[in-house]
Visitor: 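Have a look at this one.
Along the sequence shown, the residues carry numbers beginning at 1. Keep in mind that what you see is a predicted model, and the values were worked out from it rather than measured.
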Amino acid sequence: MAGAAGLVVLEGYRLAAPPLLWPEARSALRQLTWRGDLPVAAGEATVAALDGLAVRVEDPPGLG
């Protein structure tokens, strides 16, 4: 499911992500809205939902 509603599948999981998750996700959402593939309101709701996720940032040596 596209947009913020699709994030419900992550509920109940312990999430970890690299530090670039947020800028990369925002960049992808920006492109989708700019091209008209995702309504602006859905993009904004998805960004808000991402910001609300309990994600532990992992930055192990050699990740990049």
Side-chain angles (χ1 to χ4, degrees):
M1 176 177 279
L7 296 175
V8 297
V9 300
L10 300 176
E11 290 179 4
Y13 288 92
R14 290 179 32 203
L15 304 173
L20 287 177
L21 168 74
W22 293 272
E24 291 291 338
R26 285 185 179 94
S27 176
L29 290 165
R30 171 80 171 120
Q31 287 181 0
L32 288 168
T33 57
W34 183 79
R35 289 193 314 243
D37 295 332
L38 183 69
V40 172
E44 291 171 347
T46 304
V47 167
L50 282 171
D51 288 345
L53 288 177
V55 179
R56 183 179 72 250
V57 175
E58 291 287 332
D59 193 10
L63 177 65

Visitor: Looking only at heavy atoms, what is the nearest atom pair of Leu20 and Pro23, with distance?
Guide: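 Heavy atoms only, the tightest pair is O-CD, 3.4 Å.
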Visitor: Can you see which heavy atom on Ala54 is nearest to which on Leu15, and at what distance?
Guide: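 Residues Ala54 and Leu15, closest heavy atoms: O-CB, 3.9 Å.
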Visitor: Are Leu53 and Trp22 connected, step by step, through hydrophobic side chains (Ile, Leu, Val, Met, Phe, Trp, Tyr) whose heavy atoms are closer than 4.5 Å?
Guide: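 Yes; Trp22 is reachable from Leu53 via cluster members.
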Visitor: For residues 26-34, please give each side-chain donor-acceptor pair under 3.5 Å, one per line with the distance, not counting sequence neighbours.
Guide:
residue: Arg26; atom: NH2; partner: Asp51; partner atom: OD1; Å: 2.4
residue: Arg26; atom: NH2; partner: Asp51; partner atom: OD2; Å: 3.2
residue: Thr33; atom: OG1; partner: Leu29; partner atom: O; Å: 3.2
residue: Thr33; atom: OG1; partner: Arg30; partner atom: O; Å: 2.9

Visitor: Taking all heavy atoms of Pro19 and all of Val57, pick out the closest pair and write down the distance.
Guide: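 Nearest pair, atom of Pro19 first, then Val57: CG-CG1, 3.9 Å.
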Visitor: Is the number of heavy atoms from other residues, nucleotides or ligands under 6.0 Å of Arg35 CZ greater than 12?
Guide: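 Atom CZ in Arg35 is crowded, with more than 12 foreign heavy atoms closer than 6.0 Å.
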